[in-house]
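I'd like to ask some things about the structure below.
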Amino acid sequence: MPLKPRSESKELIIMRFLNTRMVLSTKDKKRYSNLEKGYQGEVRFDQLTANLQNDLYIINDLCLEFNNSEFQIDTLIISQETIYPFEVKNYEGAYYYESESFYSKLTKEEIKNPLDQLKRSSSLLRPLLKKLGIFLPIEGQVVFVNPGFTLYQAPLNAPIIYPTQLITHMGKLNKTPSKLNSRHKKLADQLISMHQSESRYSQFPSYKYEQLKKGLTCSGCHSFAILVGEKKLVCEKCGCEEDIESAVLRSVKELKLLFPDRKITTNGIYEWCNVIASKKIIRRILMANLTSVGMRHLRYFV
Ligand SMILES: [Zn+2]
C-alpha cells in the first residue's frame, strides 16, 4: 500500500469537465489529452509498485517546493539506503534522441526532455532532503510505461527504464535488502505534509457559465448520451448505470469545482442538470444530502 495514494489532479478534472461542456481549442485539447494519458500511465506504474513486498515507502504524486521552485515527483520510493524518484511517461509510438533532445519520429516535433525534468526535480530534491537532515543517495529514473513506446539512439547510460525492463526493475527493487526505521517514516511524513495539492502551473482556458453545455453526464464516459428513467440514468454510449441521486450530487460537485463562487440552489441545479423533469426531485436530493441555509426562495445549500 502506498503511503500516499494518487488522485486525479484538479487540473485534469476541470479540463475533463470543460472538454465535455465546451469546445476546447486545439492546444487545450492536446493538453487535456496529455493530462489524461499521463495520469493513465502513472496508474499503470502504480499497479506495478503496488506489488512490491519489500520494506519500502511508496509516495505517489508529490508536488514540492524548494527555494521558490516547484517540482513534481510522480512516484517516490524510500528504501533503507536510497531514495528513488521516478518520472513516469506514457508516451506511445516511436521517438528518437538527438543532441540531448527527444523528437517524435513521425512528426519530427521536439518533445519535453523527460531526462531534463528528472534532473531538475532531483537537483531540487537533494538540497530539500539535506535541509531535513537526510543524506541518502538519490537515484532518479525516467520510466516509460507504455508497451508501444520505442526510443531510437538512446544514450546507453541514461537513467531510463524501458517498458521491457519494468518487470526486471521491480524485481530488483524487491530484492535489494531494505529495512526501514523511524527516521525513514519521519522523512516520508514530512514530504507528504509538504505536498502542495494545487500546482501554481495549472492552466485553464477561460470559461463562463453561460457558454457551457448544461445537462447530466455519464459517470463512466462523461458523455451526454444518457437516458433518464424514474430512478436511474443509463448511458446509451457505454451502458453505465447510475442512481439519479448520485448523478445529481456528482453534478453539484462539478458545478462547485467549476464555479466555486456560485451559490447552490434548487433552481440553479435544476438548470445545470437540465434533464431532471421536476424541481421537487432536485430539492429533495439537495435537502437530504447538503445543509440548507435560509428559507424558501432565498434558500441555498452548502
Ligand atoms: Zn457512458
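When a ligand or atom number is given, it counts from 1 through the structure's own listing order.
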Metal site angle (apex the Zn ion (ligand 1)), SG from C238 and SG from C235, 10 degrees: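 With the Zn ion (ligand 1) as the vertex, the angle is close to 110°.
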Any N, O or S atom of H222 closer than 2.8 Å to the Zn ion (ligand 1):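 No, H222 does not qualify, because none of its backbone or side-chain N, O or S atoms lies under 2.8 Å.
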Angle, SG of C221 through the Zn ion (ligand 1) to SG of C218 - 10° precision: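 About 110°, to the nearest ten degrees.
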Answer with yes or no whether the side chains of D243 and S246 bring together a donor and an acceptor at under 3.5 Å.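 No.
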Looking only at side-chain N and O atoms, does N54 offer a donor or acceptor that is under 3.5 Å from a partner on N174?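 No, N54 and N174 have no side-chain donor paired with an acceptor closer than 3.5 Å.
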When you measure from the Zn ion (ligand 1) to the N, O or S atoms of C240, does any of those distances fall below 2.8 Å?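 Not a single backbone or side-chain N, O or S atom of C240 is under 2.8 Å from the Zn ion (ligand 1).
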Walk me through whether K4 and D61 qualify under side chain to side chain contact (heavy atoms under 4.5 Å, CB included). CA-CA 8 Å; K4 179 181 174 298; D61 172 34; 3.9 Å; yes
Minimal non-hydrogen separation, H184 against K179, with atom names: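 Here H184 and K179 meet closest at CE1-O, 4.1 Å.
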